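This report refers to the structure that appears directly beneath it.
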2 protein chains.
Amino acid sequence: MPQSKKHLRDPDKTKIRIMAAATAEFAKMGLGGARVDVIAARAKVQKRMMYHYFGNKETLYRTVLEEAYSKFRAAEAALEIENDPPLQALKRLMEFTWNYYLENPEFISLVSTENLHKAKYLKKSPRLELLNKDFVKRMELLLSRGVKAGVFRPHLDAVQVLIALAGLAYHYLTNQHTGEIVYGRSLMTIEARQARLSFNIEVITHALCQPEALIVMREAA
Amino acid sequence: MPQSKKHLRDPDKTKIRIMAAATAEFAKMGLGGARVDVIAARAKVQKRMMYHYFGNKETLYRTVLEEAYSKFRAAEAALEIENDPPLQALKRLMEFTWNYYLENPEFISLVSTENLHKAKYLKKSPRLELLNKDFVKRMELLLSRGVKAGVFRPHLDAVQVLIALAGLAYHYLTNQHTGEIVYGRSLMTIEARQARLSFNIEVITHALCQPEALIVMREAA
DNA sequence: ATCATAAATAACTATTTAGTTATTTCAAGA
DNA sequence: TCTTGAAATAACTAAATAGTTATTTATGAT
């Protein structure tokens with residue numbers, strides 16, 4: 001069956017359409033479950049074009065993954081929490097993380113899929129190594145500013161904090177579907193989402209702050 | 001090529017071998033990536049037997065998932081934290097969760113895979129609904145005991161706490177592979193694992209305890 | 001012992017799937 | 001305007017894959 005509408009020649013847009021379709025399909029079906037033909041159909045592109053621009057399914061997957069990561073890190077860096085007071089910076093970072101995951105569910109799906117494969121494909125990607133170096137530094141700076149201000153507890157490990165911070169949001173959202181069954185409760189209503197974000201901020205605040213600072217905050221409330 | 005070794009007739013052991021092989025394959029490859037032929041080969045069973053005992057690939061997957069969940073809940077219930085003092089009960093529960101995830105990586109992989117599919121298959125499983133009801137009750141009891149003892153903060157939501165508790169362990173372990181790339185640090189050495197468990201306990205303790213209790217604990221240390 | 005039944009084996013098939021070969025068409029630079 | 005190289009289309013293929021049909025074989029009850 002010949003295609004009714006022929007495409008004008010536009011390699012950039014073609015590539016973008018393939019990437020968008022592939023992102024959706026890989027996020028939904030995983031690497032093994034994704035179908036090249038489905039991607040081509042969604043992108044409204046001849047399958048041959050995917051092979052032309054990306055070589056094969058695996059490379060396309062890797063490219064999708066790289067793109068997703070680099071967009072996330074770019075958005076995060078744009079936050080510029082450096083100048084906020086420590087507690088507010090922490091809160092802003094958590095809100096950003098939560099909202100980004102919420103608004104970009106395909107990002108967390110892709111990361112989960114990649115972890116299923118033990119990050120085999122991300123390891124092949126030299127491009128990503130650079131991106132992630134300095135945001136550990138940013139957290140270290142934030143923590144030491146907080147300690148200096150007398151509000152954070154000393155000797156906290158930035159990586160542990162970062163993983164906790166991400167994990168509290170990530171796990172709730174990725175595991176929302178089994179979660180709703182297991183906990184017998186709707187987890188994604190507006191109220192539930194707001195309650196969760198507040199709770200996460202509360203957990204991290206309590207984990208990082210000096211107990212004395214917490215008492216002051218409680219009195220103030 | 002005829003199979004060199006013929007199997008004695010033992011339907012139970014055959015089913016168990018198929019389940020074990022399927023668990024490994026689904027955990028490693030996801031639902032879409034898993035191959036029925038690989039499962040049969042690993043189980044050292046004719047592929048026909050899988051269809052004989054389980055009907056089809058999807059049902060086998062669902063059975064594997066149900067089994068994994070029910071084993072986990074059984075192990076958890078066997079903990080019997082009801083009689084421990086609140087803080088100790090909390091600590092034991094966190095240690096159990098951490099160690100269970102660590103020792104049963106296929107469980108968390110299966111749960112992640114199932115969530116990729118929006119829990120479509122678990123929803124079809126009436127068997128699981130029952131299992132999960134009373135462990136929210138157990139956490140509610142634990143929290144109220146802690147409040148009564150003056151050690152926990154009041155008005156905490158048991159479900160939020162349970163999700164936080166699971167999430168801190170789950171996310172670290174499922175995302176260990178991308179995590180090692182992103183944070184440029186080994187996350188699974190004995191020391192790293194111990195450090196993480198301690199950190200998680202610290203986070204939850206600080207989140208749940210009254211600041212005054214934290215000060216007392218700090219002085220005591 | 002033998003017979004009925006379920007367990008196990010062997011061989012096959014219709015589809016699906018990733019990837020290719022071959023051809024046509026457009027658009028920009030000479 | 002003509003030519004050339006890349007963009008797009010069309011049609012194909014070999015391998016993989018879930019699921020079947022047909023047959024043989026062991027075992028426990030009679």
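Just so we're clear, the structure is a prediction, and the values are computed from it rather than from any experiment. Lettering follows sequence order; numbering is per chain, from 1.
Relative to the side chain of B/Asp37, the nucleotides D/dA7, D/dA18, C/dA18 differ in distance, and D/dA18 lies closest. Distances from the side chain of A/Arg48 to the nucleotides D/dT21, D/dT9, D/dA8 place D/dT9 closest. With C/dA18, D/dT17, D/dA10 as the candidates, the nucleotide lying closest to the side chain of A/Arg35 is C/dA18.
Protein atom CD of A/Gln46 is 9 Å distant from nucleotide atom P of D/dA11, rounded to whole Å. A/Ile18 has its CD1 atom 8 Å from the P atom of D/dA8, to the nearest Å. Taking atom CZ of A/Phe54 as the reference point, atom C1' of C/dG19 lies 16 Å away to the nearest angstrom. Going from atom CE of B/Met50 over to atom P of C/dT9 covers 15 Å, rounded to whole Å. Computed from coordinates, the A/Glu25 CD to C/dT17 P distance equals 10 Å when rounded to whole Å. C/dA22 atom P lies 17 Å from atom NZ of A/Lys47, rounded to whole Å. Atom NZ in A/Lys15 sits roughly 11 Å away from atom C1' in D/dA7 (whole-Å rounding). Straight-line distance from the CZ atom of A/Phe26 to the P atom of C/dA18: 9 Å, rounded to whole Å.
Taking CG of A/Asn200 as the reference point, atom OG1 of A/Thr205 lies at 10.0 Å (rounded to 0.5 Å).
Within the nucleic acid shown, B/Ala34 comes within 4.0 Å of sugar-phosphate atoms alone, with no base atom in reach, counting heavy atoms only. Using a 4.0 Å heavy-atom cutoff across all strands shown, B/Tyr53 reaches sugar-phosphate atoms only and no base atom.
Residue-to-nucleotide proximity on DNA chain D shows that, of B/Gly55 and A/Met49, the 5′-proximal contact is made by A/Met49.
Under the ring pair (Phe, Tyr, Trp, His ring centres under 6.0 Å) rule, B/Tyr121 has a single partner from B/Tyr69, B/Tyr61, B/Phe26, which is B/Tyr61.
A side-chain donor-acceptor contact under 3.5 Å links A/Glu66 and A/Ser125. In this model, a donor atom of one side chain and an acceptor atom of the other lie less than 3.5 Å apart for A/Thr59 and A/Asn56.
Between C/dA8 and B/Thr14, a contact under 4.0 Å exists linking OP1 or OP2 to a side-chain N or O. One finds no side-chain N or O of A/His52 lying less than 4.0 angstrom from the OP1 or OP2 phosphate oxygen of D/dA8.
Using bins of under 30°, 30° to 60° and over 60° for the plane-to-plane angle, the ring pair A/Tyr100/A/Phe72 lands in the tilted bin.
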